[in-house]
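The analysis underlying the following values was restricted to heavy atoms, covering all of them including side chains, and did not include hydrogens, waters or symmetry mates.
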Amino acid sequence: MSVQLKPLADRVLIEPAPAETTTASGIIIPDTAQEKPQKGTVVAVGPGTKENPITLKVGNVVLYGKYAGTEIKEDGKTYLIMRESDVLAIV
């Protein structure tokens with residue numbers, strides 16, 4: 001996967017996991033009621049700063065806050081760009 005966007009400083013670019021479209025019992029969830037995913041894959045990382053070195057690597061699957069990051073569309077795909085400190089955990 002080659003992404004042209006290169007995050008700066010201590011930012012990371014994340015491809016969100018797809019939203020759940022059905023419940024465990026098979027009920028289809030309409031687009032308007034789907035939860036925003038809070039899990040995704042790191043696709044690019046910035047160089048970090050002296051105060052905030054980057055510890056995440058491309059390919060890490062991470063959890064982040066519900067309202068974290070800024071949504072960016074590139075080549076028809078949606079990504080989130082956020083500071084590494086907004087990432088809650090590596091899965």
Side-chain angles (χ1 to χ4, degrees):
M1 163 179 356
S2 119
V3 178
Q4 298 300 317
L5 297 170
K6 180 69 178 155
L8 298 176
D10 61 340
R11 289 179 175 79
V12 295
L13 188 67
I14 296 174
E15 182 176 356
E20 295 292 324
T21 57
T22 58
T23 64
S25 60
I27 297 171
I28 296 173
I29 303 169
D31 287 344
T32 54
Q34 289 176 5
E35 284 284 321
K36 200 171 150 189
Q38 295 175 1
K39 181 178 177 181
T41 304
V42 177
V43 293
V45 298
T49 63
K50 195 184 298 185
E51 299 82 26
N52 297 310
I54 293 290
T55 57
L56 291 173
K57 294 177 178 42
V58 172
N60 284 148
V61 177
V62 296
L63 299 177
Y64 49 86
K66 193 171 197 169
Y67 302 105
T70 302
E71 201 171 88
I72 296 173
K73 294 197 186 281
E74 174 79 13
D75 294 330
K77 291 186 117 182
T78 300
Y79 299 96
L80 287 172
I81 191 162
M82 66 184 71
R83 292 191 182 277
E84 186 183 57
S85 59
D86 292 335
V87 173
L88 305 175
I90 298 173
V91 179

Quick one: name the residues clustered hydrophobically with Val58, using the 4.5 Å side-chain heavy-atom rule over I, L, V, M, F, W, Y, and just say none if it's on its own.
none
Listing, residues 81-90 side-chain donor-acceptor contacts under 3.5 Å, not counting sequence neighbours, or none:
{"from": "Arg83", "atom 1": "NH1", "to": "Asp10", "atom 2": "OD1", "distance (Å)": "2.7"}
{"from": "Glu84", "atom 1": "OE1", "to": "Thr55", "atom 2": "N", "distance (Å)": "3.4"}
{"from": "Glu84", "atom 1": "OE2", "to": "Thr55", "atom 2": "N", "distance (Å)": "2.7"}
{"from": "Glu84", "atom 1": "OE2", "to": "Thr55", "atom 2": "OG1", "distance (Å)": "3.1"}
{"from": "Glu84", "atom 1": "OE2", "to": "Leu56", "atom 2": "N", "distance (Å)": "2.7"}

Side-chain heavy atoms nearer than 4.5 Å, only ILVMFWY residues, links allowed to pass through others: does that put Leu80 and Leu13 together?
no
Would Val61 and Ile14 show up in the same hydrophobic cluster when neighbours are defined by side-chain heavy atoms closer than 4.5 Å?
no
Listed pairs under 3.5 Å, donor-acceptor, residues 44-54 side chains, sequence neighbours left out:
{"from": "Thr49", "atom 1": "OG1", "to": "Asn52", "atom 2": "N", "distance (Å)": "2.9"}

Do Val42 and Tyr64 land in one hydrophobic cluster if side-chain heavy atoms of ILVMFWY residues count as linked below 4.5 Å?
yes
